[in-house]
Amino acid sequence: MHMDEIKGELASIISAVKARIDLEKRFGVDTVTLTKSDVGANGCPPGKAVKTSGDRTSMSEKEKKIKLLEDIKNEMLACHKCTLGKTRTNLVFGVGDPMASLMFVGEAPGRDEDLQGEPFVGRAGQLLTKIIEAIGLKRSDVYIANVLKCRPPENRNPLPEEIVLCMPYLIKQIEIIQPKVLCALGTFAAQTLLNTKAPVGTLRGKFHEYEGTPMMVTYHPAYLLRNPNDKAKVWDDMKKVRDFLGELSGKDSKI
Ligand code: SF4
């Protein structure tokens, strides 16, 4: 390896460590150990692949992303960084098109998701699928993931230390997929990605930014099941996402 490459990798690792420390500070966690998964395979920062001498050069962009996502998932299958690793039935990694323009981020798996190993498959998931279809897309057109990849017992709220420990995986997923737009579903996704304590009610309805990517915040579908009167607000939020993607693609008819 050349000196420039070594310097580049060192800079990347330092950047990943700084990001992790920042995340820990944000959640008031001060006893978390940095692991290999926080800097990624081969010492790379989350989601950044090491350039090798040709093993991936013949792969399409989609194949590369599929491979990178598979690598992280395989790494995560053995993850027991927090106690949820002991109680999960299945890891719930993420699902969808790795080339998706739109990526949804929810909170954590529930019972159905834990049993099936796929995010948003219960009643809230069916509602999310309807929301996606309402803006002219199919579920398979988008990518869906959660902040936590393992189910909290009894569907309790994620704990700060669980978020800190699991966030590097979500960061990697976003870096690999590189969506044009993110959509945070509910309080935990919005507050975690935006580094804020502001309530979702004040964050929703407008675009924010996560690491340079526009991000809409809206209510979680599970909240909507309990508060159906707020469906109109989510529809307003999703129309903004639809229009934004339409402007990007230069055609209104697709979405
Ligand atoms: S929730 Fe995340 S950090 Fe905790 S065990 Fe599962 S994958 Fe690992």
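What you see below is based on every heavy atom in this structure, not just the backbone, and it leaves out hydrogens, waters and symmetry mates. The chain is numbered in sequence order, starting from 1. Start at 1 and go down the list; that is how both ligands and their atoms are numbered.
- In this structure, the separation between CD1 on Ile132 and CG on Leu137 is 7.5 Å, given to the nearest 0.5 Å.
- The side-chain hydrogen bond (donor to acceptor under 3.5 Å, both in side chains) pairs that include a residue from residues 108-123 are Thr89-Asp114, Glu118-Arg139, where partners are two or more places apart or lie in different chains.
- The main-chain N or O of Val92 is never found under 3.5 Å from a side-chain atom of Asn90 such that the two would form a donor-acceptor pair.
- Evaluation of the salt bridge (Lys or Arg N to Asp or Glu O under 4.0 Å) test over residues 225-235, restricted to residues two or more places apart or in two chains, returns Asp230-Lys233.
- Distances from atom 8 (Fe) of ligand 1 under 2.8 Å pick out these protein N/O/S atoms: Cys79 SG.
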Side-chain donor-acceptor distances from residues 211-221 under 3.5 Å, at least two apart:
{"from": "Thr218", "atom 1": "OG1", "to": "Asp237", "atom 2": "OD2", "distance (Å)": "2.6"}
{"from": "His220", "atom 1": "ND1", "to": "Ala222", "atom 2": "N", "distance (Å)": "2.9"}

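- Considering CG of Leu194 and OH of Tyr210, their distance stands at 10.0 Å, rounded to 0.5 Å.
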